[in-house]
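Notes to accompany the following structure.
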Amino acid sequence: MSQTVFISRELPADNHLLTTLAAQGFELIAQPMITTRSVAGEIPKIRSGWIFFSSKQGVEHFFAHKPSIGSAQLAAIGEGTARMLRKYGEVEFTGRQSDTEEVAKEFKKTAGRKKVYFPVSGQSVRTVQAALPVTQVVDIVCYRTEENPVPVGHPDILIFSSPSNVQAFLKANTIMPFQKVIAFGKTTAAALEDMGVKAVVSKGTSDSALLEAIKRAGASSVRP
């Protein structure tokens with residue numbers, strides 16, 4: 001019997017993860033539990049320093065304002081965000097670790113003493129900002145996150161991409177003992193743990209890292 005995998009993000013029809021899982025007999029439900037909307041207001045003019053993006057949503061909503069960024073250098077939390085960010089310029093720092101705290105340590109060394117601007121939502125957990133001196137950090141709230149909980153039944157494997165997706169998911173769903181849970185990073189895993197759910201932390205957010213985590217979870221996922 002085929003197994004079902006839920007992931008709390010939207011995926012295009014030709015996505016590699018989706019097509020690979022289908023070929024291996026998995027059914028994938030790609031359903032974000034949150035939506036994001038741009039926040040009205042003027043983006044401050046940036047002349048230099050760094051602009052650090054912790055999500056694709058940050059990239060989308062920041063550049064929707066058509067900001068002036070001068071000679072600022074661009075940085076991304078990981079490869080997925082960097083891929084989108086390259087539409088707007090050269091990405092001079094890309095996090096290579098699945099652990100956000102480790103990415104923060106790497107970026108701190110790269111940023112030096114330069115000012116760092118962070119396009120964020122009002123609900124940002126600010127892990128990278130916390131690694132830098134307060135005087136070096138400028139948060140730019142350019143979007144907000146809204147919950148959009150949707151019932152998805154009881155897939156065999158659940159993959160959560162953020163703490164906000166966890167919170168919204170649990171407003172319309174329950175997590176059963178037979179379900180295996182995978183989290184993007186320690187922050188998402190901690191949000192699940194706060195809800196009494198133990199999760200495996202994916203070694204990354206790339207398709208290959210997720211496929212490895214899904215295979216491990218699928219091998220031990222057995223319905224009652």
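Side-chain atoms are counted along with the backbone in the values below, which use heavy atoms only and exclude waters and symmetry mates.
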Mind running side-chain contact (heavy atoms from CB on, under 4.5 Å) on Ile7 and Leu17 for me, showing each step along the way?
CA-CA 11 Å; Ile7 184 168; Leu17 178 64; 4.3 Å; yes
Minimum heavy-atom separation for Ala168 and Pro149, please, with both atom names.
O-CB, 3.1 Å
Considering only heavy atoms from C-beta outward, does the side chain of Asp139 approach that of Val137 to under 4.5 Å?
yes
Taking all non-hydrogen atoms of both residues into account, name the closest pair between Gly122 and Val141 and its distance.
N-CG1, 3.9 Å
Any link between Ile69 and Phe93 through a network of hydrophobic side chains (Ile, Leu, Val, Met, Phe, Trp, Tyr) touching at under 4.5 Å?
no
Is there a donor-acceptor pair under 3.5 Å between the side chain of Asp99 and the backbone N or O of Gly185?
no
Assess whether atom CZ of Arg86 is packed by more than 12 heavy atoms of other residues, nucleotides or ligands within 6.0 Å.
yes
Is any side-chain heavy atom of Leu132 closer than 4.5 Å to one of Val116?
yes
Pairwise distance CZ(Arg83) to OG1(Thr94) - rounded to 0.5 angstrom
10.0 Å
Working for salt bridge (Lys or Arg N to Asp or Glu O under 4.0 Å), residues Arg96 and Glu106:
CA-CA 9 Å; Arg96 303 297 178 187; Glu106 290 176 5; over 6 Å; no
Pro155 side chain near Gln3 side chain, heavy-atom distance below 4.5 Å:
no
Let me confirm one number: the CD1-CD1 distance from Ile29 to Ile159, rounded to the nearest 0.5 Å.
11.0 Å
What are the two closest heavy atoms between Leu192 and Ala199, and how far apart are they?
CD1-CB, 3.6 Å
Between Thr19 (side chain) and His16 (backbone), is there a donor-acceptor pair under 3.5 Å?
yes
Ile46 side, atom CD1; Ile51 side, atom CD1 - distance, nearest 0.5 Å
4.0 Å
Looking at Asn173 and Phe169, would you say the former's side chain and the latter's main chain have a donor-acceptor pair under 3.5 Å?
yes
Could you tell me whether the side chains of Gln136 and Lys114 share a donor-acceptor contact shorter than 3.5 Å?
no
Option from Phe118, Phe53, Tyr88 for which ring-ring contact (aromatic ring centres under 6.0 Å, His included) with Phe62 holds:
Phe53
Full working for salt bridge (Lys or Arg N to Asp or Glu O under 4.0 Å) between Glu102 and Lys186
CA-CA 11 Å; Glu102 292 301 317; Lys186 292 181 180 179; 6.0 Å; no
Quick one: does Asn148's side chain get under 4.5 Å of Met33's, heavy atoms only?
no
Hydrophobic cluster membership, Val166 vs Val200, 4.5 Å side-chain cutoff:
no
One pair to check against side-chain contact (heavy atoms from CB on, under 4.5 Å): Leu211 and Leu21. What are the steps and the verdict?
CA-CA 8 Å; Leu211 285 168; Leu21 286 174; 3.7 Å; yes
Side chains of Thr4 and Val152: closer than 4.5 Å at any heavy-atom pair?
no
Could you report the tightest heavy-atom contact between Gln129 and Ser124, atom names first, then the distance?
NE2-OG, 4.0 Å
Any chance the side chains of Thr36 and His61 put a donor and an acceptor closer than 3.5 Å?
yes
Start with the C-alpha gap between Asp156 and Gln179, add the side-chain angles, then the distance that decides, and say whether side chain to side chain donor-acceptor pair (under 3.5 Å) holds.
CA-CA 5 Å; Asp156 300 279; Gln179 292 174 292; over 6 Å; no
Which atom names give the shortest non-hydrogen contact between Ile34 and Ser162, and what distance separates them?
CD1-OG, 4.4 Å
For Gln24, does the CD atom have more than 12 heavy-atom neighbours from other residues, nucleotides or ligands under 6.0 Å away?
yes
With distance as the sole test, does Lys115 use its side chain to make a donor-acceptor pair with the main-chain N or O of Thr135 at under 3.5 Å?
yes
Hey, any chance Val103 and Val201 share a hydrophobic cluster, counting ILVMFWY side chains that come within less than 4.5 Å of each other, even indirectly?
no
With a 4.5 Å heavy-atom cut-off, do Ile182 and Leu158 have their side chains touching?
no
Supply the atom-to-atom distance Ser121 OG to Gln57 CD, rounded to the nearest 0.5 angstrom.
9.0 Å
Ser161 side chain to Ser8 side chain, donor-acceptor N/O pair below 3.5 angstrom:
yes
Run the side-chain contact (heavy atoms from CB on, under 4.5 Å) test on Cys142 and His65 for me, step by step, so that the C-alpha distance in whole Å, both residues' side-chain angles and the decisive distance to 0.1 Å come before the verdict.
CA-CA 8 Å; Cys142 57; His65 287 81; 4.1 Å; yes
Note, Arg126 side chain near Val120 side chain (heavy atom, < 4.5 Å):
no
Please tell me whether Phe6 and Val181 are part of a single hydrophobic cluster in this structure, the criterion being side-chain heavy atoms less than 4.5 Å apart.
yes
How are the rings of Phe107 and Trp50 set relative to one another: parallel (under 30°), tilted (30 to 60°) or perpendicular (over 60°)?
perpendicular
Nearest 0.5 angstrom please: Thr110 OG1 to Phe52 CZ, how far?
10.0 Å
Exercise: identify the closest heavy-atom pair between Ser202 and Leu210
OG-CD2, 3.8 Å
Do the charged groups of Lys198 and Glu193 touch, with an N to O distance under 4.0 Å?
no
To the nearest 0.5 Å, how far apart are CG in Leu85 and CD in Glu60?
13.0 Å
Taking the side chain as C-beta and beyond, is there a heavy-atom pair between Glu147 and Gln167 under 4.5 Å?
yes
I'd like to know whether CD of Glu101 has more than 12 heavy-atom contacts from other residues, nucleotides or ligands below 6.0 angstrom.
no
Aromatic centroids of Phe160 and Phe184 separated by under 6.0 Å:
no
Would you say Ile175 ends up clustered with Met195 if hydrophobic residues are merged whenever their side chains have heavy atoms under 4.5 Å apart, either directly or through other cluster members?
yes
Applying side-chain contact (heavy atoms from CB on, under 4.5 Å) to Lys87 and Val59, what does each step give before you reach the verdict?
CA-CA 10 Å; Lys87 298 176 185 177; Val59 176; over 6 Å; no
